[in-house]
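Reviewing the structure listed below.
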Amino acid sequence: MDVQAVVDWFDANARDLAWRAPGTTGWGVLVSEIMLQQTPVARVEPIWLTWMARWPVPSALAAESQGEVVRAWGKLGYPRRALRLHAAAGVIAADHGDVVPADVDTLLALPGIGAYTARAVAAFAYGLRAPVVDTNVRRVVARSVHGAGEAGPPSTTRDLADVDALLPADHATAARASAALMELGAVVCTARSPRCVDCPVLSTCAWQRAGRPAYTGPSKAPQRFAGTDRQVRGLLLDVLRGSAEPAAKSRLDLVWADSGQRDRCLDSLLVDGLVEQTADGLFALPGEH
DNA sequence: TATTCGTGGCA
DNA sequence: TTGCCAAGAAT
């Protein structure tokens with residue numbers, strides 16, 4: 001595919017996202033990438049702005065209690081991300097001079113940072129050539145290169161190689177291309193109702209040339225939520241987020257009727273370190289009592 | 001490799 | 001109304 005065409009399109013059409021503002025630090029990029037995992041841009045932006053004002057450097061976040069960080073995470077979802085980011089900030093402050101590393105392998109060693117986030121930070125914060133593979137890029141490659149309606153099951157090794165083959169040699173342009181491919185998937189080459197009329201690589205798209213065939217690969221497991229432990233954990237944690245003082249179990253019991261599931265979920269929150277029990281048997285966010 | 005882990009908007 | 005989807009990581 002013609003990656004340069006995507007970069008040119010990006011130059012003219014990039015969204016004006018808060019973390020793309022000139023002067024955003026590696027820390028700012030890292031926080032944005034963690035928050036954006038499985039979470040829409042619109043929900044992240046206000047929280048990110050709050051965090052940057054409150055904790056402008058890793059050591060500032062690391063000095064905060066876990067509970068306060070979980071509370072400030074609000075309803076972004078997957079609150080273990082907040083705990084892991086807090087832990088990563090501690091390592092960055094202690095071992096890396098309070099500066100987010102630029103090296104992919106060093107980033108990968110930090111809690112909560114995986115194959116995507118490590119390369120996203122290297123590319124977007126430091127302008128390095130690193131194949132950034134997220135759900136958007138996987139879809140763009142599946143369509144424009146492989147002619148498939150959507151990406152098949154992820155394979156880090158194969159996905160990285162696919163994107164690596166597309167990136168130009170020099171760091172700055174490659175980093176720009178990584179951002180451009182993601183943006184194309186997020187704005188034009190979307191999962192449903194792709195806006196192909198606006199696509200900068202329409203003329204060379206393998207999926208388009210094949211007549212936009214429907215996806216034929218294995219179907220992904222349906223993503224349920226209602227009635228799951230995820231929902232119950234969310235309800236339990238929401239009580240503690242909204243409470244300045246530790247709460248009695250009787251208060252937590254109100255959020256879900258099934259006591260077996262309720263207790264199992266509370267226990268898993270304790271195991272995860274998202275909730276702590278005080279000496280007098282009450283429940284609270286960690287480190288706040 | 002397949003599951004688990006929140007939350008909410010939208011077609 | 002409800003299933004699908006949203007810049008994944010850890011296990």
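Naming convention: chains lettered A, B, ... in sequence-line order (proteins, then strands); numbering from 1 in each chain. Model, not experiment: these values are computed from the prediction. All values below come from the heavy atoms of this structure, side chains included, with hydrogens, waters and symmetry mates left out.
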* Residue whose closest nucleotide on DNA chain B lies nearer the 5' end, A:L76 versus A:S193 -> A:L76
* Asked: Heavy atoms under 4.0 Å, any strand shown: does A:A120 hit a base, just sugar-phosphate, or nothing?
  -> nothing
* **Atom pair distance, as rounded to whole Å: CG in A:L266 and P in B:dC5** => 14 Å
* To do: Spell out, as yes or no, whether a donor-acceptor pair under 3.5 Å connects the side chain of A:R81 to the backbone of A:G77.
  => yes
* To do: Give a yes/no answer on whether the side chain of A:Q38 brings an N or O atom under 4.0 Å of OP1 or OP2 in C:dA6.
  => no
* Do side-chain atoms of A:N13 reach the backbone of A:W9 as a donor and acceptor pair under 3.5 angstrom? -> yes
* Atom pair distance, as rounded to whole Å: OH in A:Y215 and P in C:dC4 -> 14 Å
* Structure fact -> Sorted by position of nearest nucleotide on DNA chain B, 5' first, the leading residue of A:R43 and A:S155 is A:S155
* To do: Could you tell me the separation between the CG atom of A:L30 and the P atom of C:dG8, rounded to a whole number of Å?
  => 15 Å
* **Between A:T156 and A:D159, a side-chain donor and acceptor under 3.5 Å** => no
* Between C:dC5, C:dC4, B:dG8, which one does the side chain of A:Q223 approach most closely? -> C:dC5
* Describe the nucleic acid contact of A:R138 in one word from base, sugar-phosphate, nothing, applying a heavy-atom distance below 4.0 Å. => nothing
* Test salt bridge (charged side-chain N to carboxylate O under 4.0 Å, His left out) applied to A:R251 and A:E245, step by step -> CA-CA 12 Å; A:R251 273 188 66 197; A:E245 300 300 323; over 6 Å; no
* To do: Name the nucleic acid region contacted by A:T135, choosing base, sugar-phosphate or nothing; use a 4.0 angstrom heavy-atom cut-off, strictly under.
  => sugar-phosphate
* Ignoring the backbone of A:R233, work out which of B:dT7, C:dC4, B:dG6 is nearest its side chain. => B:dG6
* Describe the nucleic acid contact of A:P79 in one word from base, sugar-phosphate, nothing, applying a heavy-atom distance below 4.0 Å. => sugar-phosphate
* Asked: B:dT3 and C:dA7: how far apart are their P atoms, nearest whole angstrom?
  -> 23 Å
* Asked: Between A:I34 (CD1) and B:dG6 (C1'), how many Å, whole number?
  -> 16 Å
* **Atom pair distance, as rounded to whole Å: CG in A:L85 and P in B:dG6** => 16 Å
* **Any A:R241 side-chain N or O less than 4.0 Å from OP1/OP2 of B:dT7** => yes
* In terms of heavy-atom contacts, does CZ of A:R15 have more than 12 from other residues, nucleotides or ligands at under 6.0 Å? -> yes
* Map A:P222 and A:F124 onto DNA chain C by nearest heavy atom, then report which one ends up closer to the 5' terminus. => A:P222
* Checking A:H86 side chain against A:V70 main chain: does a donor-acceptor pair fall under 3.5 Å? -> no
* Structure fact -> A:D229 atom CG is separated from B:dT4 atom P, nearest whole Å, by 9 Å
* To do: For C:dA9 and B:dG8, measure between their P atoms and round to the nearest Å.
  => 23 Å
* Asked: Do any N or O atoms from the side chain of A:R139 and from the backbone of A:G185 form a donor-acceptor pair under 3.5 angstrom?
  -> yes
* **Protein-nucleotide distance (A:M35, atom CE; B:dG6, atom P), rounded to Å** => 16 Å
* Has A:K75 got a side-chain N or O lying under 4.0 Å from the OP1 or OP2 atom of B:dG6? -> no
* Give every residue pair that meets the side-chain hydrogen bond (donor to acceptor under 3.5 Å, both in side chains) criterion with at least one member in residues 266-277 of chain A, sequence neighbours excluded. => A:R233-A:S268, A:R233-A:D272, A:E276-A:H289
Taking N or O atoms only and anything under 3.5 Å, show me the protein contacts with nucleotides 9-11 of chain C, one pair per line.
{"unit_1": "C:dA9", "atom_1": "OP1", "unit_2": "A:G114", "atom_2": "N", "d": "2.9"}
{"unit_1": "C:dA9", "atom_1": "OP1", "unit_2": "A:G114", "atom_2": "O", "d": "3.4"}
{"unit_1": "C:dA9", "atom_1": "OP1", "unit_2": "A:T117", "atom_2": "N", "d": "2.9"}
{"unit_1": "C:dA9", "atom_1": "OP1", "unit_2": "A:T117", "atom_2": "OG1", "d": "2.7"}
{"unit_1": "C:dA9", "atom_1": "OP2", "unit_2": "A:Y116", "atom_2": "N", "d": "3.2"}
{"unit_1": "C:dA10", "atom_1": "OP1", "unit_2": "A:G112", "atom_2": "N", "d": "2.6"}

* To do: Please work out if A:W19 contacts a base, only the sugar-phosphate, or nothing of the nucleic acid, heavy-atom cut-off 4.0 Å.
  => base
* To do: Could you tell me if the ring centre of A:W51 sits under 6.0 Å from that of A:W73?
  => yes
* Asked: For DNA chain C, whose closest nucleotide is more 5', that of A:R224 or that of A:P40?
  -> A:R224
* Ignoring hydrogens and angles, answer whether the base of B:dT7 and the side-chain atoms of A:R230 contain a donor-acceptor pair closer than 3.5 Å. => no
* Structure fact -> note: A:L17, atom CG; C:dA6, atom C1'; distance rounded to Å ~ 14 Å
